[in-house]
Amino acid sequence: MSFSEHYLAEAAQIVARLDAAAIERLAGLLVAVRARGGRLFVLGAGNASHAVNDFRKIAGIEAYTPTDNVSELTARINDDGWDTAFANWLAVSRLSAKDMVLVFSVGGGDVARQVSVSIVRALELARERGATIAGIVGRDGGYTAKVADACVIVPTVNPETVTAHTEAFQAVIWHLLVAHPAVQQSRMKWESVQ
């Protein structure tokens, strides 16, 4: 079997093992944050920016990510350190109980291992402020899975491809969410073309 065949077979196993109920809980939280006029803050790397676009344009949810403002992000990292960059950004954004934080991470944050501590600190602030917490993560989900109101964990089928599959399935799941009939408010472009 080629690497491509093996990788695609792993992806099929992941699809079969995804927790649809957890995805439905996440969809419900998105509907609720929109209904109460809250904002969605997406924490993660490149996927966060694309997801913010989709949640704004397709789902009609006011959404932001700190990684879209490289100048502020790098200033916070340089001046205050990486560990507090997301939390300090959320504080200035006046994160409140009306809002929701959505994490895209492979491990979900782990202080003991010193991995994605910036996510842990941001979620600690979210808990203090009473914000809704959700995540789409891999492995065991780390801190995000422990504190989230809804967390979709991308199942590990091969420890050598955890990162690749987790980041790929984050995109699959957020696209499922913005296409979800309860979440979607605007038709996607190609679906609207007759």
Side-chain angles (χ1 to χ4, degrees), residues 1-30 40-59 63 65-68 70 82 86 100-120 122-123 133-184 187-193:
M1 186 184 290
S2 72
F3 177 80
S4 297
E5 291 168 325
H6 189 71
Y7 187 92
L8 293 171
E10 290 174 0
Q13 290 176 49
I14 292 168
V15 167
R17 292 174 49 193
L18 278 171
D19 184 350
I23 297 170
E24 288 293 320
R25 282 192 299 278
L26 183 46
L29 294 177
L30 290 165
L40 175 65
F41 295 108
V42 183
L43 303 181
N47 278 344
S49 187
H50 185 164
V52 162
N53 164 68
D54 289 346
F55 285 117
R56 292 177 68 86
K57 185 174 183 289
I58 300 166
T65 181
T67 54
D68 276 347
V70 174
W82 178 249
F86 287 168
M100 178 173 168
V101 175
L102 174 60
V103 172
F104 290 162
S105 174
V106 175
D110 187 321
V111 173
R113 293 181 184 164
Q114 287 297 296
V115 180
S116 300
V117 176
S118 58
I119 290 171
V120 174
L123 295 182
I133 297 172
I136 304 172
V137 299
R139 293 186 58 132
D140 63 356
Y143 188 76
T144 300
K146 289 179 183 135
V147 301
D149 299 290
C151 189
V152 180
I153 298 177
V154 177
T156 298
V157 297
N158 177 354
E160 297 300 315
T161 55
V162 170
T163 298
H165 284 307
T166 299
E167 292 182 355
F169 274 91
Q170 288 166 349
V172 169
I173 295 163
W174 99 63
H175 283 103
L176 179 160
L177 290 166
V178 298
H180 192 292
V183 178
Q184 184 177 12
R187 291 185 73 198
M188 294 180 212
K189 182 63 177 177
W190 285 104
E191 289 76 2
S192 68
V193 175

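We count residues from 1, following the sequence as given. Keep in mind that the numbers below use all heavy atoms, side chains included, and drop hydrogens, waters and symmetry copies.
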How far apart are the closest heavy atoms of [X] and [Y], and which atoms are they?
{"X": "Val52", "Y": "Ala63", "result": "CG1-O, 3.4 Å"}
{"X": "Ala122", "Y": "Phe86", "result": "CB-CB, 3.8 Å"}
{"X": "Asp68", "Y": "Ser49", "result": "OD1-OG, 2.6 Å"}
{"X": "Ala148", "Y": "Ala134", "result": "CB-CA, 4.2 Å"}
{"X": "Leu29", "Y": "Ala150", "result": "CD1-CB, 3.5 Å"}
{"X": "Cys151", "Y": "Val137", "result": "SG-CG2, 3.6 Å"}

Worksheet item: Does a side chain donor of either Gln184 or His180 reach within less than 3.5 Å of an acceptor in the other side chain?
Response: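 Looking only at side-chain atoms, His180 and Gln184 do not form any donor-acceptor pair under 3.5 Å.
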Worksheet item: If you measure only the distance, is there a donor-acceptor pair under 3.5 Å linking the side chains of Trp174 and Asn47?
Response: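 The answer is no; no qualifying pair exists.
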If you define the side chain from C-beta out and look only at heavy atoms, does anything of [X] sit under 4.5 Å from [Y]?
{"X": "Phe169", "Y": "Val15", "result": "yes"}
{"X": "Val154", "Y": "Val162", "result": "no"}
{"X": "Ile153", "Y": "Asp19", "result": "no"}
{"X": "Leu18", "Y": "Pro155", "result": "yes"}
{"X": "Leu26", "Y": "Met100", "result": "yes"}
{"X": "Thr163", "Y": "Thr161", "result": "no"}

Worksheet item: Please walk me through it: do Val157 and Arg17 pass side chain to side chain contact (heavy atoms under 4.5 Å, CB included)?
Response: CA-CA 10 Å; Val157 297; Arg17 292 174 49 193; 3.3 Å; yes
Item to complete: Could you go through the side chain to side chain contact (heavy atoms under 4.5 Å, CB included) check for Leu43 and Thr65 one step at a time?
Response: CA-CA 6 Å; Leu43 303 181; Thr65 181; 5.5 Å; no
Discussion item. With side chain to side chain contact (heavy atoms under 4.5 Å, CB included) as the test, pick out the partner of Val178 among Asn53, Ile58, Leu30.
Written reply: Ile58
Worksheet entry | Option passing side chain to side chain contact (heavy atoms under 4.5 Å, CB included) with Val103 (candidates Ile136, Thr144, Val120, Val147) |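 In the set Ile136, Thr144, Val120, Val147, the residue that makes a side chain to side chain contact (heavy atoms under 4.5 Å, CB included) with Val103 is Thr144.
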Discussion item. Walk me through whether Ser2 and Ser4 qualify under side chain to side chain donor-acceptor pair (under 3.5 Å).
Written reply: CA-CA 5 Å; Ser2 72; Ser4 297; 4.7 Å; no
Worksheet item: When the ring planes of His165 and Tyr7 are compared, do they come out parallel, tilted or perpendicular, using 30° and 60° as the limits?
Response: parallel
